[in-house]
Amino acid sequence: MDAFIAGVKNGFEPDPEENIFASVWKQYERVIIESLVVSFGLDFIKDQVGGDVDTVHNVRNLKDSDGNIIYKNKNNELDYKNREKYDTNAYHKDSRYSSIVRKAKKEFVESGKKMDDAYVPGNKIVPYRNKNIPLGQQAQLDHVQSAEEIHNDPGRILAGIDGKELANNPDNLRFTNAALNNNMKEKSIDEYIEWCEKNPDQVKWGGKEGEPLPDEVKEQLIKEYNEAKKKNDEKINRAYYTSKKFIKDAGVAAAKKSAQMGVRQALGFVFMEIWFTCKEELQALPNDKSMGDMFNAVGEGIRKGFKNARLKYKELIQKVEEGATAGVLSSLTTTLCNIFFTTAKNLGKVIRNLYASIVQAGNVLLFNPNNLLFGDRIKTASVIMATGASVLLGTLVSETINQTPVGKIPVVGAIVCSFAASLVSGLTSCTLLVFLDKSKFMNDVIDAMNKIPTEVNNYKEIADQMEKLAANLANIDYEKFKREASEYQKFTDSIIKSKDDNELNGVLLAAYKEFDIKIPWEGDFDSFMGNKNNRLVFE
């Protein structure tokens, strides 16, 4: 439970241009995939040099004697060869690029605000074109990692990301003086610094012509480039290594090498198939479905995913069942399915806590009553729903799986139990997100709110109205519902501020007590589990 929430609260920077629901979904998927790769040792596929699967590293670095990229998948090779020709106008006239320029110009005209020159420390520049202003004092918006470099990057093309989207993300844009920007043109930072050293008489920085590029400017150029490229690479890696294209190729490669694979890695591919099938089932749901329908869809996704894995990875499945007890995977799948099917049947027992977390997250995402910055807004909403999901199911799952045959496999069993908790917490969080986005309940709440006159920007009032309407539509006592929604916010704040796993675990155990959910052991967990006569009791 705490592993999933710890992953959700760390290491993600959402794109402000992206749909907020898509951003939260990516946050959950990132944690699940990272947990999958680390838990089951699947990083041997992602990080290998050579091998049977195209990777971002390989397509950037592996070339034959003629300098051509070595591809494992011919379709990926065709995608690269058939890429569009680079068009500088398309990149510089893109709406994302233009909007940042317009905003800067407007701020200068209205308030005289000047921009910091990102590459020349201490230099102030004016974001406004004017013949009377020297080029060294005029601002231009620069692609830190050049647009041409991004456009022709084999890694970007492999991941299927639009070049303009990557190049014109705020992470890759900096204001610098027009003289320096025009001097760099489409060169990469390394190319520009090398060019400056070879052509000192043509160097222009800060409007100064023919002067050597100072070391502090070189250092700043390299620093900004490294930071921008790191963030772009993170987006490329996340897009490619969570894509169906990569998973399919990796599965084929793994099947060919199944004799060399251990039970641990083979189980990883089974779980990978389960995740992607559940994802498809959830995302294919039409609008106006109930929460029960959504939990049933996840349960059906687990069943289908296991069936798909049996068909696609026949040799891998045999490897698992040779190295363990026959039927362990069927037992594991049945247990996971029953968790969601049972939850769907017994929603009455948990609906109040679920709705409290959903409505609280909805307030943050849709109305932002506390005026959070975009990244904090996504993180807060993500943690609220993840907390609701994990408090409901996450901790119980790990111990439930521990009682199945797969949980008894030495070493591997502990890994499966730990990952299963993250998987179930992640799937439940994704279910709550889909419910918030598509459900009849939420549509009814929004429709009712549209009929209530409110001041245009009074988001606090709107958020309060949403809680009241949600409680009425769900037939829940409003005052109690409001207290529980407030508790989710309190626990979310504590989770985000927690410094380590021990502190996080304490926060989550406090949540169990606050929501009156009985923990299935007594006293210290390690001591309790150390007595073979003790049994976990789930109520």
Side-chain angles (χ1 to χ4, degrees), residues 85-153 156 163-232:
K85 185 178 179 181
Y86 173 66
D87 179 0
T88 185
N89 288 329
Y91 276 80
H92 288 83
K93 292 183 178 179
D94 180 71
S95 60
R96 286 161 285 214
Y97 183 92
S98 302
S99 64
I100 294 175
V101 174
R102 283 197 302 270
K103 180 182 177 184
K105 287 183 177 181
K106 182 180 178 183
E107 288 177 344
F108 172 69
V109 170
E110 292 180 351
S111 63
K113 179 183 177 182
K114 294 183 178 182
M115 308 298 295
D116 291 320
D117 191 329
Y119 303 144
V120 183
N123 190 31
K124 288 285 184 180
I125 44 179
V126 177
Y128 191 73
R129 290 185 180 275
N130 189 311
K131 293 180 180 179
N132 297 319
I133 302 174
L135 287 178
Q137 293 302 311
Q138 287 187 38
Q140 283 188 2
L141 190 59
D142 178 50
H143 293 104
V144 186
Q145 186 179 8
S146 76
E148 186 171 14
E149 179 185 350
I150 288 173
H151 181 82
N152 292 316
D153 174 24
R156 192 272 304 170
K164 292 185 287 297
E165 177 184 332
L166 203 61
N168 292 324
N169 187 284
D171 290 333
N172 192 58
L173 295 171
R174 303 284 190 279
F175 277 105
T176 189
N177 69 81
L180 177 56
N181 193 41
N182 291 337
N183 207 212
M184 286 193 292
K185 296 183 179 177
E186 296 296 341
K187 302 180 189 72
S188 70
I189 298 299
D190 286 342
E191 289 171 344
Y192 178 63
I193 291 174
E194 183 180 353
W195 178 86
C196 288
E197 292 171 352
K198 292 180 179 178
N199 303 277
D201 58 321
Q202 299 178 46
V203 175
K204 296 178 183 178
W205 62 273
K208 300 175 179 68
E209 185 171 358
E211 290 187 20
L213 197 65
D215 287 341
E216 61 265 27
V217 176
K218 292 179 184 177
E219 291 170 3
Q220 192 67 20
L221 283 164
I222 293 169
K223 177 186 174 184
E224 295 291 344
Y225 176 81
N226 288 340
E227 289 180 359
K229 189 174 187 306
K230 180 182 177 182
K231 291 184 178 180
N232 281 342

Within this structure, what is the OH-CG distance for the pair Tyr192 and Asn199, rounded to the nearest 0.5 Å?
10.5 Å

Do Val120 and Ile125 touch side chain to side chain, with heavy atoms closer than 4.5 Å?
no

Non-hydrogen side-chain atoms of Asp142 and Leu180 separated by less than 4.5 Å
no

Taking atom CD1 of Ile150 and atom NZ of Lys229, what is their separation to the nearest 0.5 Å?
9.5 Å

Any side-chain heavy atom of Trp195 within less than 4.5 Å of one from Gln202?
yes

Do other residues, nucleotides or ligands put more than 12 heavy atoms under 6.0 Å from Tyr128 OH?
no

Donor-acceptor contact present, side-chain Asn172 to main-chain Ala167, <3.5 Å
yes

Between Glu224 and Gln220, does a side chain to side chain donor-acceptor pair (under 3.5 Å) hold up when you go through it step by step?
CA-CA 6 Å; Glu224 295 291 344; Gln220 192 67 20; 3.1 Å; yes

Close side-chain approach of Met184 to Ile189, heavy-atom, < 4.5 Å:
yes

Restricting to non-hydrogen atoms, name the atom on Arg174 and the atom on Asp171 that form the minimum distance, rounded to 0.1 Å.
NH1-O, 3.0 Å

Can you list the steps and then say if Lys204 with Asn182 is a side chain to side chain contact (heavy atoms under 4.5 Å, CB included)?
CA-CA 9 Å; Lys204 296 178 183 178; Asn182 291 337; over 6 Å; no

Side chains of Arg96 and Leu173 in contact at under 4.5 Å (non-hydrogen atoms)
no

Nearest atoms (heavy-atom pairs only) where Tyr225 meets Glu149:
OH-OE2, 2.7 Å

Of all heavy-atom pairs linking Pro127 and Ala104, the shortest is CG-O, 3.4 Å

Looking at Gly207 and Ala179, what are the two nearest heavy atoms and their distance?
N-CB, 3.5 Å

Partner of Asn232 under side chain to side chain donor-acceptor pair (under 3.5 Å), chosen from Gln145, Glu227, Arg156:
Gln145

Let me see the working for Tyr119 and Asn177 under side chain to side chain donor-acceptor pair (under 3.5 Å), right down to the final yes or no.
CA-CA 8 Å; Tyr119 303 144; Asn177 69 81; over 6 Å; no

Let me confirm one number: the CG-CD distance from Asn132 to Gln137, rounded to the nearest 0.5 Å.
14.0 Å

Interatomic spacing from CG in Leu135 to CD in Gln140 - rounded to 0.5 Å:
7.5 Å

Whether Asp153 side chain and Gly163 backbone form a donor-acceptor pair below 3.5 Å
no

Provide the closest heavy-atom pair for Leu141 versus Asn181 in the form atom of the first, atom of the second, distance.
O-ND2, 4.1 Å

Under a 4.0 Å threshold between the charged nitrogen and the carboxylate oxygen, would Asp116 count as salt-bridged to Lys124?
yes

Inter- and intrachain pairs under salt bridge (Lys or Arg N to Asp or Glu O under 4.0 Å), touching residues 181-199, at least two apart
Glu194-Lys198, Glu197-Lys218

What pair of heavy atoms forms the shortest contact from His151 to Tyr91, and how long is it?
ND1-OH, 2.8 Å

Donor-acceptor side-chain pairing of His92 and Asn168 below 3.5 angstrom
no

Are the side chain of Trp205 and the backbone N or O of Pro212 linked by a donor-acceptor pair below 3.5 Å?
yes

Approximate separation, where rounding is to 0.5 Å, of Ser188 OG and His143 NE2:
15.0 Å

